[in-house]
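Below: one structure, written as C-alpha cells.
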Number of protein chains: 2
Amino acid sequence: MNIGEAAKASGVSAKMIRYYESVGLIDPAMRSESGYRVYGENDLHVLRFVKRARKMGFSMERIETLLGLWRDGERNSAEVKKLALGHIAELEQQIAEMQAVADTLRKLAATCHGDNRPDCPILDDLSAEHEAPARAPKRRRA
Amino acid sequence: MNIGEAAKASGVSAKMIRYYESVGLIDPAMRSESGYRVYGENDLHVLRFVKRARKMGFSMERIETLLGLWRDGERNSAEVKKLALGHIAELEQQIAEMQAVADTLRKLAATCHGDNRPDCPILDDLSAEHEAPARAPKRRRA
DNA sequence: CCTTGACCTTCCCATCATGGGAAGCCCTAT
DNA sequence: ATAGGGCTTCCCATGATGGGAAGGTCAAGG
C-alpha cells in the first residue's frame, strides 16, 4: 500500500502521515526500491489509532504515550486511565472557561438593543476601565 | 509613555503591541525623535479593549471589526450584537464537541479498572475498527 | 565625562497541527 | 513514448504568542 491508499484507508492525510513519521510519533515506514513509503495492515491500525486519539483532542505528546502503552502488553491500565482522566480534567477546565465567556456575552447581548442605535453594552463592557464584566450600575454614559 | 509602560498599564505584552501594530490591528504609534514608540491615554484605551476582547476569545479578525464599530459613533448596535451572537454560537459549538468527547472518555474511564492489569476499554476504543465510540450494549467483554 | 544597566529597536526562530505548493522522480496505461 | 497521476523532499503559511540576538538610547551615578 502506498501512502495515498494508506491515507484514504486511515483517514489521515498523506501530509500528516509524513509529519507524524518525521517527528517520531510513528515508526518510519518501509520503503520500496524506488523510495516510496509502503504500508501494511498493522500500520493502518496505528494510523487509525492516532486519528481517533486526535479526534478526541489528545495532544500528540500524549498520543505518543498512549501508543507506547497500547503496544506494551505489560501496561498497567491505571496509567492509561490516569492519562484519560487528565485529559478529561483539561477539557472540563476549558469548557468551564468558555462557558463563562458565553454566559457573560449572552447577558450583554440580551441588553443590547440590536437596532440602528449606536449604544451597546457589549462595546461598553469591552471598553470599561474596571475589571468586572458589566456589573456596576453606573448609568452615566461612558 | 514608552512601550514597556504601556504594556504594564494595559496588560498587553510589548511584543504583542508591536505585533498588533505590524498586522494593522492598531494604528502605528507615534515615535519619539530616537524612534521609540510613544503612547498616550487613548492608545491605552485601545490596548485594553483589545486585551478584553482577546480574553473573551474573539479572533483578531473580529476584533478588528469590533474596533471599527467602537470607533464609529454612527454604528448600529445590531452589528455588534450580530458579531457577539456569532461568537456565542461558535463557543457553544465547541463546548458541545468537547462535552461529547469528555462524556465518552468519562464512560470509558469508568469501566477501566485502573489497576495493574493491562486490559483497558480506553485503548480498546481508540483501536477499534468501527466508527461508534463505546455505544453498543454488547456485554461480551471486549 | 564615561560607564552601567535598563530600556528600546528590528529581525529571526519556535511553537502546534495542518495545509499548499514547487521541483523533480516514478509508475502505469494507452 | 508520452501523459497523467502519485510519490519524494523542501519551503512557506496559518494564529497568537514568546524567546533571543545585535545594536541604538537614555538616565543615573562615580
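- If one axis is set at each end of the helix from C:dC1-D:dG30 to C:dT30-D:dA1 from five pairs, those axes are 40° apart, to 10°.
- Per the geometry, CD belonging to B:E5 stands 16 Å off P belonging to C:dA6, to the nearest Å.
- In this structure, B:E21 places its CD atom 13 Å from C1' of C:dC8, rounding to the nearest Å.
- Rounding to the nearest 0.5 Å places OG1 of B:T104 at 11.5 Å from CD1 of B:I122.
- When heavy atoms are screened at a 4.0 angstrom cut-off, A:R18 is found touching base atoms of the nucleic acid.
- Formation of a donor-acceptor pair under 3.5 Å by the B:E5 side chain with backbone atoms of B:N2 is found in this model.
- The distance from atom CD1 of A:I17 to atom P of D:dG6 is 15 Å, rounded to the nearest whole Å.
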Query raised in the report: After noting the C-alpha distance and the side-chain angles of A:H45 and A:F49, does the key distance pass the side-chain contact (heavy atoms from CB on, under 4.5 Å) rule?
Result: CA-CA 6 Å; A:H45 224 87; A:F49 184 99; over 6 Å; no

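- Atom-to-atom, CE of A:M1 to P of D:dC7 comes out at 12 Å; the value is rounded to the nearest Å.
- Residues B:D119 and B:R117 are not paired through a salt bridge, judged by the lack of any N-O separation under 4.0 Å between the basic side chain and the carboxylate.
- When the side-chain nitrogen and oxygen atoms of A:R37 are compared with OP1 and OP2 of D:dT8, one or more of them lie within a distance under 4.0 Å.
- For residues 59-68 of chain B, the pairs satisfying salt bridge (Lys or Arg N to Asp or Glu O under 4.0 Å) are B:R62-B:E90, with sequence neighbours left out.
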Report task. Quick one: do A:M98 and A:V101 satisfy side-chain contact (heavy atoms from CB on, under 4.5 Å)? Show the steps, please. Result -> CA-CA 5 Å; A:M98 295 171 79; A:V101 170; 5.7 Å; no

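- At a threshold of 4.5 Å between side-chain heavy atoms, the hydrophobic network of Ile, Leu, Val, Met, Phe, Trp and Tyr places A:Y36 and A:I17 in two separate groups.
- Of the possible donor and acceptor atoms, none in the side chain of B:S10 sits under 3.5 Å from a partner among the backbone N and O of B:R48.
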Query raised in the report: What string of B, S and - do you get for nucleotides 15-27 of chain C 5' to 3' if you count protein non-hydrogen atoms under 4.0 Å?
Result: --BBSBB----BS

